[in-house]
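Here the structure is a predicted model, which is why all the values come from computation and not from measurement. These values consider heavy atoms only, across backbone and side chains, with no hydrogens, waters or symmetry-generated copies.
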Amino acid sequence: MLMAVAVCAAAAQPLEIQGSLRSRLEVWDWFEGAGNSTYAFSGNLLRLGIGQQRAAWDWQVELAAPLLLGLPDDALAPAPQLQLGLGANYFAANNNERNAINLFPKQAFVRLKQLGGSPRQSLRLGRFEFLDGAEVTPVDPTLAALKRDRIQQRLIGNFGWSHVGRSFDGAHYSWNGARTNVTAMGALATRGVFRVNGWGNLDTALGYAALTRQVPGKTSQLEWRLFGIYYQDWRDVVKTDNRPAVLRLPDLDSIRLGTIGGHAILATRTQAGTVDALLWGALQTGAWGNLDHGAGALAVEAGWQPPVLPSIRPWLRAGFWHGSGDGNPLDGDHGTFFQILPTPRVYARFPFYNLMNIQDLFGQVMLRPHTAVTIRAEAHALRLAERNDLWYLGGGAFEPRSFGYIGRPGFGRRGLAALYDVSADWRVSPALTLHAYFGHARGGGVVEAIYPEGSDGSFGYLELLYRF
């Protein structure tokens with residue numbers, strides 16, 4: 001009788017149905033190579049979810065249907081030029097098909113709330129998306145924007161900018177206090193990202209734990225976080241690093257890495273406008289196959305929102321990133337900072353690089369002429385941290401057969417590129433958002449050595465996102 005009552009009560013709860021359709025036209029003009037460097041293709045992603053909220057638990061099931069149209073079949077060149085833009089990545093990952101479609105479970109989880117009778121605790125079990133650094137959304141709009149654009153997904157993300165994305169199969173625990181959050185997560189990464197088949201998971205596991213604290217003040221708002229990550233990859237694939245092939249190819253031992261780090265973000269209101277500062281850092285140790293691994297990374301940034309031109313609300317920012325590289329491929333140590341399973345496009349809007357073995361000095365101008373419109377322009381001076389290491393690209397494991405990162409030699413040079421880009425985001429309505437982006441890269445010595453026929457590259461896209 002009690003079970004019948006419980007079933008009826010559950011059935012009485014309303015079901016929540018929601019979805020989204022994202023359609024993007026990408027236009028690539030990669031650095032001039034021995035294949036087709038200039039092409040366009042369409043990437044589309046339909047997501048449809050159903051779920052139910054209850055006092056003690058909730059659940060959600062979401063399906064995803066990626067559709068790729070017109071992928072280039074001639075955008076691959078011999079080493080060291082390799083893939084000529086991400087269109088080549090999608091083509092190669094989908095059995096060399098120009099058009100690809102699939103349907104798979106993007107999320108399927110149960111969330112248990114009020115664990116131990118406490119409303120502060122929750123446990124999510126199943127398949128879900130996870131973004132490191134997104135445990136808490138600050139009330140202060142400046143800190144919230146910094147977390148979204150400059151903190152989240154540096155090391156763990158859903159790669160949501162790709163047309164397939166990434167999820168995790170595992171468990172996610174959260175404890176939320178008035179100003180403090182404790183998060184723990186352990187999971188296997190799923191397939192996907194460039195491959196439209198996102199059904200299975202991979203032999204790559206990670207554990208994540210973080211403590212986040214909000215520190216409010218009269219004129220300042222501060223947030224800090226300490227985190228630790230353990231990552232293991234036991235797939236039998238060849239790793240991408242700067243060792244000679246004779247040493248690298250036989251090494252199929254597991255990657256076992258520990259990462260500790262943290263961030264602090266501060267926003268202070270002054271008579272001269274809001275000033276912000278950001279500090280992010282991490283150290284890594286462990287085993288890179290049969291090599292010892294030790295690496296680190298640091299980001300330092302600052303911004304200012306001057307109280308002028310209120311009709312466009314300018315926000316000026318500048319910063320520097322250093323992700324360590326490996327200076328000696330023969331010393332038995334691996335020193336390249338490993339970005340684990342991130343969403344790299346957040347920090348490389350023209351995604352021809354990531355945060356591994358890179359130094360990035362950048363400036364940014366953001367204009368907000370309307371609450372629904374944001375215009376953003378950036379300039380980046382990019383160079384390799386170590387000239388004897390590689391120029392890396394990618395965002396981590398996404399299928400069983402390939403490593404997930406590729407690398408091109410630096411040929412003893414450090415200058416990678418100067419990147420200039422601009423974007424516009426327009427929230428037409430609560431349901432409809434339009435995005436536009438264009439970036440141009442002037443290749444430095446590294447790019448010139450690999451693409452002597454043309455070391456300039458461009459990338460642009462138009463995107464529509466409709467939520468229902």
Side-chain angles (χ1 to χ4, degrees), residues 33-35 75-84 86 88-96 188-189 191 193-195 200-206 231-258 284-295 323-342 344 352-358 384-413 416 446-447 449-451:
L76 180 65
Q81 293 182 351
L82 304 174
Q83 292 93 333
L84 306 178
L86 294 190
N89 294 53
Y90 287 107
F91 179 77
N94 292 285
N95 303 314
N96 294 339
L188 299 175
R191 307 181 188 194
V193 180
F194 300 115
R195 185 186 181 96
N201 51 41
L202 300 167
D203 291 338
T204 56
L206 59 83
Y231 175 77
Q232 184 168 347
D233 181 348
W234 60 96
R235 296 173 299 153
D236 290 332
V237 295
V238 177
K239 302 163 188 62
T240 299
D241 57 54
N242 63 338
R243 287 176 290 176
V246 66
L247 298 177
R248 185 169 54 88
L249 295 179
D251 181 9
L252 299 179
D253 290 354
S254 297
I255 294 175
R256 301 179 302 277
L257 300 182
Q284 292 180 331
T285 187
W288 183 266
N290 58 31
L291 301 179
D292 292 331
H293 176 85
S324 67
D326 187 90
N328 186 346
L330 303 175
D331 63 358
D333 294 323
H334 182 255
T336 305
F337 181 73
F338 185 60
Q339 213 179 337
I340 309 181
L341 295 169
F352 66 90
Y353 64 100
N354 59 23
L355 300 183
M356 298 163 56
N357 186 39
I358 202 76
L384 303 186
E386 292 286 349
R387 66 179 72 248
N388 294 323
D389 203 353
L390 306 180
W391 159 22
Y392 291 94
L393 174 65
F398 67 92
E399 65 175 2
R401 300 188 305 272
S402 61
F403 184 61
Y405 291 99
I406 64 172
R408 300 175 176 89
F411 293 106
R413 306 181 183 189
L416 182 60
V446 175
V447 178
I450 297 173
Y451 301 96

K.L.:
Strictly distance-based, threshold 3.5 Å: is any side-chain N or O of T240 a donor or acceptor partner for the main-chain N or O of G407?
P.N.:
no
K.L.:
Given 3.5 Å as the limit, does a donor-acceptor pair link the side chain of N388 with the main chain of G327, or not?
P.N.:
yes
K.L.:
If I compare all heavy atoms of A245 with all of P250, which pair ends up nearest, and what's the gap?
P.N.:
O-CD, 4.0 Å
K.L.:
Report the distance from atom CG of D203 to atom CD of Q232, rounding to the nearest 0.5 Å.
P.N.:
10.0 Å
K.L.:
Between W288 and F338, how do the two ring planes meet: parallel, tilted or perpendicular, split at 30° and 60°?
P.N.:
perpendicular
K.L.:
Provide the closest heavy-atom pair for L355 versus F337 in the form atom of the first, atom of the second, distance.
P.N.:
O-CD2, 4.0 Å
K.L.:
Do L202 and P400 make a side-chain contact, defined as non-hydrogen atoms from C-beta onward lying under 4.5 Å apart?
P.N.:
yes
K.L.:
Counting only N and O atoms by type, is there a donor-acceptor contact under 3.5 Å from the side chain of N94 to the main-chain atoms of F194?
P.N.:
yes
K.L.:
Which pair of non-hydrogen atoms, one from A385 and one from G323, has the smallest distance, and what is that distance?
P.N.:
CB-O, 3.5 Å
K.L.:
At what distance, to the nearest 0.5 angstrom, does NE2 of H334 lie from CG of L257?
P.N.:
8.5 Å
K.L.:
Report yes or no: does R413 contribute a side-chain atom to a donor-acceptor pair with the main-chain N or O of V447 at less than 3.5 Å?
P.N.:
no
K.L.:
Do V238 and L252 touch side chain to side chain, with heavy atoms closer than 4.5 Å?
P.N.:
yes
K.L.:
Got E399 and R191 here, is their nearest side-chain heavy-atom distance under 4.5 Å?
P.N.:
no
K.L.:
Just by distance, do the side chain of N357 and the backbone of L390 share a donor-acceptor pair under 3.5 Å?
P.N.:
yes
K.L.:
Could you check if a side-chain atom of L84 sits within less than 4.5 angstrom of a side-chain atom of Y451, using non-hydrogen atoms only?
P.N.:
yes
K.L.:
Kindly indicate whether the side chain of Q284, heavy atoms from C-beta on, has any atom under 4.5 Å from the side chain of I340.
P.N.:
yes
K.L.:
With side chains defined as the heavy atoms from C-beta onward, is the minimum distance between Y405 and L393 less than 4.5 Å?
P.N.:
no
K.L.:
Got I450 and W391 here, is their nearest side-chain heavy-atom distance under 4.5 Å?
P.N.:
yes
K.L.:
With heavy-atom distances below 4.5 Å as the criterion, would you say the side chains of D233 and K239 are in contact?
P.N.:
no
K.L.:
Can any side-chain N or O of N290 pair as donor or acceptor with the backbone N or O of D251 at less than 3.5 Å?
P.N.:
no
K.L.:
Nearest heavy-atom pair of G395 and P344: which atoms, and what distance?
P.N.:
CA-CG, 3.8 Å
K.L.:
Identify, with sequence neighbours excluded, every residue that meets side chain to side chain donor-acceptor pair (under 3.5 Å) alongside D389.
P.N.:
T336, Y392
K.L.:
If you take all heavy atoms of D326 and P329, which pair is closest and at what distance?
P.N.:
OD2-N, 3.6 Å
K.L.:
Counting N and O atoms only, with roles assigned by atom type, does the side chain of Q81 sit under 3.5 Å from a partner on the main chain of A34, one being a donor and the other an acceptor?
P.N.:
yes
K.L.:
Hey, is the main chain of G410 close enough, under 3.5 Å, to the side chain of R387 for a donor-acceptor pair?
P.N.:
no
